[in-house]
Amino acid sequence: MMIQLDRTQAPDFHLTDTVSLLPVQAYTLDNHIPVYVIDAGEQPVTRVEWVFEAGGWDEALPNVSTFTLRMLNEGTQQYTGAELAEFFDQYGSFLELGASADRSTVTLYALRKHLPVLLPRIQELLQEATFPAEELEVQRTIALQNLQVNEEKTSFLASRGFREALFGKDHPYGKNQTQENLKAFSREDLVTFYQNHIAGHAFQLFISGQVDEREVALVNEIFGQQALLPQPERRSFELPIDANPAKVLIELPEKTQSTLRMGKRMINRVHPDYYKVLVTNEIFGGYFGSRLMKNIREEKGFTYGIYSQMNNFAQASQLVIGTDVNKEFTSQTLAEIKKESERLQTELVSETELQTAQNYMIGQFIGSLNTPFEIADRHKVRILNNLPDDYHLRFIERIKAVTKEDVLAMAQTHFQWKDLVEVVAGGK
C-alpha cells in the first residue's frame, strides 16, 4: 500500500534542547607540550595539527609569516621540495601549511597506519627547513601575479579597504598584500621568523580521527624529547580611533558593478551580549531568510546575495556586511541597508521571526558536528581562545534564551548606522 503524502504541509520537526560533544582527552608530552585528542570516526584516517602562537602579530615585515609556512615543505637539510612532495604523496597523505594574523599551523592528513613513517618527516620540516632562494622567487612571482589579477576585482579592493579602515594598515588584522610589500622581504627574513618562532619553539598539538594512546606515545617519542624555547613576547598595536568611522569610495569608472563592505569592530565571544548579538545579526543578515536578503534580493532585486556576519579573531571581532550590486543600484542598496538597520532598532521582531532565526542557528550548529574533524575544530576554538569548558555545550541554551526585547536592545546598542565603516569599490 502506497502512503500518500500531503506536500502542502511541512513535515513535523523536533526542537533540540541540548547537544552532546565528544570529549577531548588532554595529555602532556615529556617536554610539557599539550596534546588534545578527539578519538572518533569509523575510517582509519587521522588529522594532526601543530599550532604555533606566532603569525602576523610577530613578523617584522608583511607576508613573512605566510611565506615562512608556505615554504616549510620546499626543502630540508636532507630532502628537496620535490622529494618531500613525492614522499607524502606515496603514503596518500597531504599537508596544509598556513599562517594567520594570530597563529601558524601545520596540518597533516593521513591514514593512521602511516603515522610512524610520516611524523618524523614533519619533525624535519619543523626543525630543518632550508627555504631555498630560487623557490622563494617562484612563490613570490606567483603571489604577485595572483595579486595583479585580484586587484582588478571590486570584491578584493573593497575587502582590503574595509580591513584597513577598520584596523589600520599597520595592524595585524588590517595588513594586506601589496605589490610593494610582496617584494620587500628576503629569504633571510623567513629564516629569522622560522628560527624565532617555529624551530625549537613550543606549540599545541591536536590529533583527531581514529587515535588512541598509541599515537600519543608516538608523538611523545618524536616531539616530546627536545628542549623547547618559549615564544617571544608579542608586540602591541594601536587600533584607530573610531569616533568618526571612515566612508571610503574607491572609484572604478570602468566597472559596471560595485562591491559594498560595511561594519565595525565588535564585541568578542566572552562579552555578556555576545549571544544576543549573534541572534540579532542572524535576523538582520545572517541567513537566506534574513531581512537584508528579503528586502534587497527578493523584493528589490538589487543583488544575488547579501550577508551580515560576525568574524572572530584571537584579539578582536568584527561585524561585516557585504554585497555586490550593479553600480546604478549602489546608493539605493546603502539606503535599504540603513532602513533595515533602523527598523531593527525601533520595532520589536515578531515571535515567529525570532524563533525561525534561532531554529536555523541551532540546526546549523548541530549540523556542524558530524565529523571527527568538525568536532575537533570546535574543541580547538575553545582551547586556543581560553573559552569556558561548557562554551559549546551551552550554545543552544544561550541562543534560545534571547528575547524580542534583547534583539531590540542589541540593535540599538551595536547596530547603529552612524558607527559603521563604509567602503564602496566601483561607484555610487
Side-chain angles (χ1 to χ4, degrees), residues 56 62-63 66 100-101 141-183 240 242 244-266 281 284-288 290-311 313 318-341 415 417-428:
N63 305 298
T66 298
S100 67
T141 298
I142 293 171
L144 286 166
Q145 292 172 344
N146 289 338
L147 179 61
Q148 188 174 10
V149 171
N150 285 331
E151 287 181 330
E152 296 297 317
K153 301 174 182 177
T154 58
S155 58
F156 178 86
L157 296 173
S159 295
R160 183 167 73 179
F162 177 74
R163 289 191 297 270
E164 291 177 352
L166 205 60
F167 294 106
K169 291 183 178 181
D170 297 325
H171 192 279
Y173 297 147
K175 286 190 294 187
N176 290 286
Q177 283 189 350
T178 66
Q179 299 283 335
E180 292 73 25
N181 64 36
L182 276 172
K183 298 174 182 177
D242 55 1
N244 295 296
K247 307 293 182 185
V248 179
L249 175 61
I250 304 170
E251 289 274 15
L252 301 167
E254 73 281 7
K255 300 296 184 182
T256 61
Q257 178 177 275
S258 291
T259 295
L260 283 59
R261 295 289 185 267
M262 307 179 65
K264 59 181 287 191
R265 299 197 297 271
M266 190 52 105
N281 181 70
F284 182 51
Y287 74 119
F288 198 81
S290 69
R291 291 188 173 189
L292 291 181
M293 285 290 284
K294 288 179 179 178
N295 180 337
I296 296 169
R297 175 193 155 97
E298 295 182 20
E299 295 177 12
K300 303 297 188 303
F302 291 161
T303 181
Y304 284 110
I306 183 170
Y307 65 86
S308 175
Q309 66 187 33
M310 293 272 289
N311 297 327
F313 311 115
Q318 68 177 20
L319 169 73
V320 56
I321 304 161
T323 189
D324 297 294
V325 298
N326 288 338
K327 190 180 291 185
E328 62 267 27
F329 297 137
T330 303
S331 295
Q332 293 167 269
T333 300
L334 289 169
E336 292 302 321
I337 296 172
K338 180 180 180 181
K339 184 181 82 172
E340 293 299 341
S341 169
F415 290 78
W417 181 259
K418 64 180 178 61
D419 297 333
L420 302 183
V421 167
E422 175 191 302
V423 179
V424 176
K428 291 186 177 181

Closest non-hydrogen atoms of Ile306 and Ile296, given as atom of the first, atom of the second and distance, are CD1-CD1, 3.7 Å

Phe156 vs Leu147 side-chain heavy atoms within contact, under 4.5 Å | yes

Residues Glu422 and Lys338 bridged, charged N to O under 4.0 Å = no

With sequence neighbours left out, write down each residue that passes salt bridge (Lys or Arg N to Asp or Glu O under 4.0 Å) with Glu336, or none if nothing qualifies.
-> Lys300, Lys339

Look at the side chain of Asn176 and the backbone N and O of Gly174, then say whether any donor-acceptor pair between them is shorter than 3.5 Å.
-> yes

Considering all heavy atoms of both residues, which atom of Ser341 and which atom of Phe415 are nearest to each other, and what is their separation?
-> OG-O, 2.8 Å

Decide side-chain contact (heavy atoms from CB on, under 4.5 Å) for Asp324 and Tyr304; before the verdict, give the C-alpha distance in whole Å, the side-chain angles of both, and the deciding distance to 0.1 Å.
-> CA-CA 8 Å; Asp324 297 294; Tyr304 284 110; over 6 Å; no

Just by distance, do the side chain of Thr323 and the backbone of Gly305 share a donor-acceptor pair under 3.5 Å?
-> yes

Salt bridge (Lys or Arg N to Asp or Glu O under 4.0 Å) filter on Lys175, not counting sequence neighbours, yields Glu59

Beyond-backbone contact of Asn326 with Phe302, side-chain heavy atoms, under 4.5 angstrom | no

Within a strict 4.5 Å, meaning less than it, do heavy atoms of the Ile321 and Leu260 side chains meet?
-> no

Are any non-hydrogen side-chain atoms of Lys183 and Leu144 less than 4.5 angstrom apart?
-> yes

Write down the atom of Asn281, the atom of Met310, and the distance for their closest heavy-atom approach.
-> ND2-N, 4.1 Å

Decide yes or no on side-chain contact (heavy atoms from CB on, under 4.5 Å) for Thr256 and Lys327, but give the supporting numbers first.
-> CA-CA 6 Å; Thr256 61; Lys327 190 180 291 185; 5.8 Å; no

Roughly how far apart are Glu164 CD and Asp170 CG, rounded to 0.5 Å?
-> 9.5 Å

By salt bridge (Lys or Arg N to Asp or Glu O under 4.0 Å), Arg160 pairs with (sequence neighbours left out) Glu151

Side chains of Phe162 and Val248 in contact at under 4.5 Å (non-hydrogen atoms) = no

Which distance, rounded to the nearest 0.5 Å, do you find between the CG of Asn311 and the OH of Tyr173?
-> 11.5 Å

In this structure, CG of Asn150 is separated from CD of Glu152 (nearest 0.5 Å) by 10.0 Å

Keeping the roles fixed (side chain from Thr303, backbone from Arg297), state whether a donor-acceptor pair exists under 3.5 Å.
-> no

Find the distance between OG1 (Thr141) and CG (Asn146) and round it off to the nearest 0.5 Å.
-> 11.0 Å

Quick one: are Thr259 and Leu157 in side-chain contact, heavy atoms under 4.5 Å?
-> no

Is the number of heavy atoms from other residues, nucleotides or ligands under 6.0 Å of Glu298 CD greater than 12?
-> yes

Are side-chain heavy atoms of Thr154 and Ser258 found at a separation under 4.5 Å?
-> no

Are any side-chain N or O atoms of Thr330 and backbone N or O atoms of Gly427, one a donor and one an acceptor, separated by less than 3.5 Å?
-> yes

Please report the shortest heavy-atom distance between Ala246 and Ala165, naming the atom on each side.
-> CB-CB, 4.1 Å

Flag side-chain contact, heavy atom, 4.5 Å: Ser155 against Arg261 = yes

Nearest-0.5 Å distance that lies between atom OG1 in Thr333 and atom NZ in Lys428 | 11.5 Å

Would you say Asn63's side chain and Gln177's backbone share a donor-acceptor pair under 3.5 angstrom?
-> no

What pair of heavy atoms forms the shortest contact from Leu292 to Gly285, and how long is it?
-> CD1-CA, 4.0 Å

Donor-acceptor pair, side chain of Arg265 and main chain of Gln318, under 3.5 angstrom = no

Rounded distance [0.5 Å steps], NZ in Lys247 versus CE in Met262 | 5.5 Å

